[in-house]
Amino acid sequence: MDASKHKFDLSQMKDYFEDRMQHVRLISDLTLSENDFKSLGAKLKSAFSFKDSKDDMEDVIICYLVYWVYALLYWDEETGIHDELTQYCETLPQYKLRHHFQMLLDAFVDYEINDFGYQPDSLEERCSMIIARHAGIPNDEKYQVFELIDDYRTQNVSVDAMVEDIYAHLPYKSQYIFSLLDQRSRQEIIWEIRTIMAEVSLRTLTRDELLEKYSETSVSLIDYCFYWREGRTLLEQVQ
């Protein structure tokens with residue numbers, strides 16, 4: 001999908017996301033471009049400004065959900081997560097925000113999207129945790145995160161100490177995404193990446209076997225493990 005080259009409206013975007021959602025594990029596996037993300041946000045903001053009924057929003061809720069996942073992936077450290085749609089949502093009264101959160105949570109059920117079993121009392125906290133988990137690690141920060149985790153693959157330290165130190169040194173977008181998760185989730189994600197990196201480095205499993213073994217892990221993350229290993233191998237050969 002390239003909204004920068006084609007004039008997709010929200011209805012077409014909805015159809016596209018509904019079709020693709022059946023074939024991805026995490027919403028970030030949609031690999032929406034930054035231009036597509038910006039186009040989506042502008043269209044949603046325009047629609048919500050003129051259509052404020054429950055039915056209007058529910059009709060394009062899958063677009064709204066995709067937008068918030070990619071809002072965590074495409075933002076700048078200097079300006080923060082601010083664009084037309086986020087600024088619009090900041091002006092909404094609390095009861096409307098709660099309505100937004102509930103519709104997002106309902107979308108996970110309606111589209112059978114993994115909610116990872118998160119059940120905090122707050123609607124906002126639950127939404128934030130699930131969306132953060134679906135965002136994962138931004139592509140432009142994967143190398144830094146992998147290098148941080150790789151430093152611990154041969155160290156004999158506790159999981160708590162490892163996660164605490166890695167979390168403290170994460171690049172800014174990844175650190176913000178991880179801040180929305182609980183400690184258990186941070187440990188699970190970091191430990192799983194560490195394990196996959198080890199298995200890829202040892203060549204114990206094929207890509208298909210890893211995809212089957214880690215069935216809830218982002219496909220793009222597993223693929224990046226192979227890309228990272230190839231890069232490390234070339235570097236070692238040069239040295």
Side-chain angles (χ1 to χ4, degrees), residues 1-45 60-77 81 83 85-86 104 107-108 111-116 127-147 149 170-178 180-181 189 192-193 196-197 200 206-208 210-231:
M1 183 181 195
D2 189 345
S4 62
K5 295 181 180 179
H6 305 283
K7 294 187 179 299
F8 288 102
D9 59 26
L10 279 180
S11 177
Q12 290 170 306
M13 287 182 166
K14 173 192 173 185
D15 291 342
Y16 173 80
F17 293 143
E18 286 180 337
D19 176 66
R20 291 295 302 136
M21 209 60 69
Q22 302 174 44
H23 309 288
V24 298
R25 299 175 175 192
L26 300 186
I27 295 174
S28 55
D29 277 335
L30 289 169
T31 61
L32 196 71
S33 73
E34 187 168 2
N35 283 337
D36 288 341
F37 161 70
K38 290 178 179 178
S39 175
L40 177 62
K43 292 179 187 300
L44 284 167
K45 191 261 183 178
V60 293
I61 194 62
I62 189 66
C63 297
Y64 196 47
L65 177 56
V66 170
Y67 169 85
W68 284 114
V69 170
Y70 280 85
L72 295 178
L73 299 174
Y74 293 127
W75 61 285
D76 183 83
E77 188 173 17
I81 306 178
D83 61 15
L85 185 56
T86 56
L104 288 169
F108 285 102
Y111 289 99
E112 299 181 344
I113 302 170
N114 193 351
D115 66 1
F116 302 98
C127 273
S128 296
M129 290 177 70
I130 303 173
I131 288 171
R133 193 70 180 264
H134 273 275
I137 300 170
N139 286 333
D140 59 347
E141 294 183 352
K142 277 188 170 72
Y143 182 80
Q144 292 170 270
V145 174
F146 274 51
E147 288 294 292
I149 296 174
L170 287 172
Y172 70 95
K173 285 186 289 188
S174 294
Q175 188 170 85
Y176 180 73
I177 290 169
F178 272 56
L180 301 174
L181 300 169
I189 294 170
E192 184 173 79
I193 294 173
I196 296 172
M197 289 169 67
V200 168
T206 66
R207 177 182 182 271
D208 288 343
L210 283 170
L211 289 172
E212 182 177 355
K213 182 175 181 179
Y214 299 97
S215 59
E216 293 186 350
T217 301
S218 163
V219 173
S220 63
L221 188 143
I222 291 176
D223 284 340
Y224 192 86
C225 279
F226 286 94
Y227 171 79
W228 171 85
R229 184 201 69 190
E230 291 171 3

Subject >> Mutual orientation of the aromatic rings belonging to Y227 and Y224 [parallel < 30°, tilted 30-60°, perpendicular > 60°] >> reply: tilted
**OP:** With rounding to the nearest 0.5 Å, note down the distance linking CD1 in I137 to CD1 in I189.
**Re:** 7.5 Å
Original post:
Between D9 and K43, is there a salt bridge with N-O shorter than 4.0 Å?
Top reply: no
Original post:
With distance as the sole test, does D29 use its side chain to make a donor-acceptor pair with the main-chain N or O of S220 at under 3.5 Å?
Top reply: yes
Original post:
Counting N and O atoms only, with roles assigned by atom type, does the side chain of R25 sit under 3.5 Å from a partner on the main chain of S218, one being a donor and the other an acceptor?
Top reply: no
Subject >> Contacts of E147 that satisfy salt bridge (charged side-chain N to carboxylate O under 4.0 Å, His left out) - sequence neighbours left out >> reply: R232
Original post:
Is any side-chain heavy atom of M129 closer than 4.5 Å to a side-chain heavy atom of L180?
Top reply: no
**OP:** Return the minimal non-hydrogen interatomic distance between F146 and C225, and the atom names on each side.
**Re:** CE2-SG, 3.4 Å
Subject >> Shortest non-hydrogen contact from I27 toward H134 >> reply: N-ND1, 3.0 Å
Subject >> I149 side, atom CD1; I196 side, atom CD1 - distance, nearest 0.5 Å >> reply: 9.5 Å
Subject >> Distance, nearest 0.5 Å, that separates OG of S215 from CG of L210 >> reply: 12.0 Å
**OP:** Establish, from distance only, whether the side-chain atoms of K142 and N139 form a donor-acceptor pair under 3.5 Å.
**Re:** yes
Original post:
From L40 CG over to W68 CH2, what is the distance, rounded to the nearest 0.5 angstrom?
Top reply: 11.0 Å
**OP:** Walk me through it: do M21 and V66 pass the test side-chain contact (heavy atoms from CB on, under 4.5 Å)?
**Re:** CA-CA 10 Å; M21 209 60 69; V66 170; 4.0 Å; yes
Original post:
Can you list the steps and then say if F226 with R229 is a side-chain contact (heavy atoms from CB on, under 4.5 Å)?
Top reply: CA-CA 5 Å; F226 286 94; R229 184 201 69 190; 4.2 Å; yes
Original post:
With a 6.0 Å cut-off on ring centres, are W75 and Y70 close enough?
Top reply: no
Original post:
Between K173 and D140, is there a salt bridge with N-O shorter than 4.0 Å?
Top reply: yes
Original post:
CG/L211 to OG1/T206 distance, rounded to the nearest 0.5 angstrom?
Top reply: 8.0 Å
Subject >> Short side-chain donor-acceptor distance under 3.5 Å, D36 and S39 >> reply: no
**OP:** Could you please spell out the steps behind the side-chain contact (heavy atoms from CB on, under 4.5 Å) verdict for L26 and V219?
**Re:** CA-CA 8 Å; L26 300 186; V219 173; over 6 Å; no
Original post:
Mind checking whether E216 and F116 have side chains closer than 4.5 Å, heavy atoms only?
Top reply: yes
Original post:
What heavy-atom pair brings L181 and A132 nearest, and what distance separates the two atoms?
Top reply: CD2-CB, 4.0 Å
**OP:** Kindly compute the distance separating OH (Y16) from CG (L32), expressed to the nearest 0.5 Å.
**Re:** 7.5 Å
Original post:
So which heavy atom on L73 is nearest to which on S28, and how close?
Top reply: CD1-CB, 4.1 Å
Original post:
For L65 and L104, which heavy atoms make the closest approach, and how far apart are they?
Top reply: CA-CD2, 3.7 Å
Subject >> Side-chain donor-acceptor pair present, E192, Y214, cut-off under 3.5 Å >> reply: no
Subject >> Heavy-atom pair of closest approach, residues I177 and G136 >> reply: CD1-O, 3.2 Å
Original post:
Is a donor on one side and an acceptor on the other found under 3.5 Å between the side chain of E141 and the backbone of S174?
Top reply: yes
Original post:
Between F178 and Q175, is any pair of side-chain heavy atoms under 4.5 Å apart?
Top reply: no
